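Structure, as structure tokens:
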Amino acid sequence: MIDLRSIEELGEVELDALKELGNIGVGKAATSLSQMLGRTIEMSVPNAMVVRIQELHKVIDAEKMVAGVVTGLDDIENGQAGFLYITFPEESSQKLVEILLGDSSDEEMADSTLMEIGNILSSAFCDATAEMLGVTLIPTPPSFGRDFAIAVIDAIVSQLADKSDYVVVFETKLEESEDEIEILVMLVPNERFVNYIFQLLGMVE
């Protein structure tokens, strides 16, 4: 088993592998969004990192309001594997809805749009992760909410049966024409799923 204390000490090669995992996921999502909207949407993961939950404040503004979509991940053989948390900072969520709808004044429609984008991203990441790890993952129905970022993370972590102290963070960019939106995709795995990931990176024999 991997020594979890070593996770935050990943080298450049391992972090590049994580970033590639993220790029495969957002590539699938971009294709789905482009087909749905009938125009080109590009997405990329310029950075991927593993951080301790206690240090998430270094990555996200814990006191900032965000729109977020939470999806559970179930491993068909071993049960719950963790959660995906897609966050849209408030200013990014407004801009994203304007890009996609042309008008963000209808709050219900805006929330529905963000929910659908989060659902597409979650499904794409789930498929990409399962394909790379050679496991079968099934996303649970997503839930949407607006809250302080850290409150949602705390709620997710409290639901994990096998606690993990780490979150895999994919800094994601969505580009359409001249507009660029920043989105955070956070994978909150349980310990078993952490080991799946690091088997992929060659860190577990």
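Residue numbers count from 1 along this sequence. Note that this is a predicted model, so its numbers are computed, not measured.
Looking only at distances, a side-chain donor or acceptor of S122 sits under 3.5 Å from a matching main-chain atom of G118.
Atom CD of residue Q94 and atom CD1 of residue I181 lie 10.5 Å apart, to the nearest 0.5 angstrom.
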Donor-acceptor contacts under 3.5 Å from residues 124-140 side chains, at least two apart:
{"unit_1": "T129", "atom_1": "OG1", "unit_2": "F125", "atom_2": "O", "d": "2.7"}
{"unit_1": "T140", "atom_1": "OG1", "unit_2": "G72", "atom_2": "N", "d": "2.8"}
{"unit_1": "T140", "atom_1": "OG1", "unit_2": "G72", "atom_2": "O", "d": "3.4"}

Just list the side-chain donor-acceptor pairs under 3.5 Å for residues 15-34, sequence neighbours left out, or say none.
{"unit_1": "N23", "atom_1": "OD1", "unit_2": "V45", "atom_2": "N", "d": "2.8"}
{"unit_1": "N23", "atom_1": "ND2", "unit_2": "K19", "atom_2": "O", "d": "3.2"}
{"unit_1": "T31", "atom_1": "OG1", "unit_2": "G27", "atom_2": "O", "d": "3.1"}
{"unit_1": "S32", "atom_1": "OG", "unit_2": "K28", "atom_2": "O", "d": "3.2"}
{"unit_1": "S34", "atom_1": "OG", "unit_2": "A30", "atom_2": "O", "d": "2.8"}
{"unit_1": "S34", "atom_1": "OG", "unit_2": "R39", "atom_2": "O", "d": "3.4"}
{"unit_1": "S34", "atom_1": "OG", "unit_2": "I41", "atom_2": "N", "d": "2.9"}
{"unit_1": "S34", "atom_1": "OG", "unit_2": "I41", "atom_2": "O", "d": "3.4"}

Distance-only check: which donor-acceptor pairs under 3.5 Å involve side-chain atoms of residues 141-153, not counting sequence neighbours?
{"unit_1": "R146", "atom_1": "NE", "unit_2": "D111", "atom_2": "OD1", "d": "3.3"}
{"unit_1": "R146", "atom_1": "NH2", "unit_2": "D111", "atom_2": "OD1", "d": "2.6"}

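F88 and M65 sit in two unconnected hydrophobic clusters of ILVMFWY residues. Membership requires side-chain heavy atoms under 4.5 Å apart, directly or through other members.
When side chains are defined from C-beta on, T172 does not count as touching L184, because their heavy atoms never get closer than 4.5 Å. Annotation: side chain of E42 is not in contact with side chain of K173 (no heavy-atom distance under 4.5 Å). In this structure, the side chains of V167 and L187 stay at 4.5 Å or more apart for every pair of heavy atoms. Put simply, the side chain of L96 reaches to within 4.5 Å of the side chain of I117, judged on heavy atoms.
Here the closest non-hydrogen pair linking S93 and L114 is CB-CD1, 3.7 Å. Annotation for Y85 and G68: closest pair CE1-CA, 3.8 Å, computed over non-hydrogen atoms.
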Item to check | Worked verdict on M43 versus L121 for side-chain contact (heavy atoms from CB on, under 4.5 Å) | outcome: CA-CA 10 Å; M43 300 184 73; L121 269 171; 3.6 Å; yes
Checklist entry - Step by step, would you call V69 with N119 a side-chain contact (heavy atoms from CB on, under 4.5 Å)? => result CA-CA 7 Å; V69 176; N119 189 30; 5.6 Å; no
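For CD of E175, the number of neighbouring non-hydrogen atoms (other residues, nucleotides, ligands) closer than 6.0 Å is greater than 12.
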